[in-house]
Amino acid sequence: MKDKERNVVGLPISDVEIGLGRLKPVAAPPGLRRRVLDRAREARGNVAMTPGLRITAVAGSLLIIILLGIEPALERNESVRLAAILNNQSQAGSATGPASELADVLAVAEGEAGRLARLRALAVSAGREERINDLIEARESLKGWLDNETSEDLD
Amino acid sequence: MRPVLDKKRRDWGPHPWRAKTGLSGLEDLYDRHGEALYRYLVFKLGSTEDAQDVLQEAFCRFARYDLRWRLVRDPRAFVFRVARNEANRFLRRKLGRREGEKMIASGRAGHLAAVFAAPEDPALASLLRLAGELPAEQREALFLKVFDGLTFKEIGAVCGVSVNTAASRYRYGIEKLRQTMGGKP
């Protein structure tokens, strides 16, 4: 019974881990610590960027990425706005002036109802023209911003 | 190794780079883990010379990991993992990518006998020989558990497997060792 509690190499079965723990590891060669630390110190000295510089670099990179991401969105917005402005202007260009239209209305000999309808249309058109004028003003304020015109400041 | 974010730092002692004095942190790190890492690298590479070279490389890496240290939750598992990666890198470099990969995968590089002085006790000598014949991953789990006292969680982190896998590898290794030695499991 006693023999059964021991394995073929003479260790009790429950002592496998303990047996392994009794093995003596080889010692590190003398001077290894100094060599390792010297080399590490050298590697540390050769690091291209200090931690502070690294943080700054990372922050800068993030900023650039964000700006690059935002730019196309802004550009798209701007082109939509410009397209709207230019579109309205061309419509305004094709329309005749309100004064001549009024003269036409008064000159044309037609019924009261017809004249009233034309006057109403003229009023609506005049209102639209105001909007067009606003858009043209807005475009004027953008002038030079997109065309890289020279500054008007007197230096 | 991908460091685990330190959400709840446990008491692992002073952080290697906390004092920001540079080398004192490294010295502290060496005093804590240097010898164990050296043994582990001898086990992984089977050569004391190669282990010394790789240990130096690993410490160079630690020296460069200034910011990453702040994210490490378990420095012990981390340093073992870095040493393991460095050993694998060394094998690839030394043997060529293909042969190195083969060597890493087969685990032929795990040399228990190289780590331990030949025991005078024949029982221990047999035990060491039998342990050296275990499958590579079981041998590694056994080595890290018995000789370096790593927890299963740490062994899992070092070997890139789950806690359960690490525990199973260890358990199977021990069982196999018992069976090989003629005892019942």
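Labels below follow one simple rule: chain letters A, B, ... track the order of the sequence lines, proteins then strands, and each chain is numbered from 1.
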Review point. With ILVMFWY side chains joined below 4.5 Å, transitively, what does Tyr172(B)'s cluster contain besides itself?
Key: none

Point to revise | Atom CZ of Arg131(A): over 12 foreign heavy atoms under 6.0 Å | key: no

Review point. Shared ILVMFWY cluster between Val124(A) and Leu116(A), side chains joined below 4.5 angstrom?
Key: no

Exercise for review: Considering only heavy atoms and a distance below 4.5 Å, find which of Arg39(B), Gln52(B), Glu35(B) pairs most often with chain A.
Suggested key: Gln52(B)

Study note, to complete from the structure: Assert top hit (heavy-atom pairs under 4.5 Å, partner chain A, pool Phe59(B), Phe143(B), Tyr30(B), Phe147(B)) equals Tyr30(B)

Review point. Can you name the residues of residues 25-34 of chain A that have some heavy atom under 4.5 Å away from a heavy atom in chain B?
Key: Pro25(A), Val26(A), Ala27(A), Ala28(A), Pro29(A), Leu32(A), Arg33(A)

Point to revise | Short N-O contact, Arg178(B) and Glu17(A), less than 4.0 angstrom | key: yes

Exercise for review: Taking the side chain as every heavy atom from C-beta outward, state whether Leu20(A) and Ile174(B) have any pair of such atoms under 4.5 Å apart.
Suggested key: yes

Exercise for review: Could you check if a side-chain atom of Arg41(A) sits within less than 4.5 angstrom of a side-chain atom of Leu26(B), using non-hydrogen atoms only?
Suggested key: no

Point to revise | Distance in Å, Arg39(A) CZ paired with Leu55(B) CG, rounded so as to fall on 0.5 Å steps | key: 10.5 Å

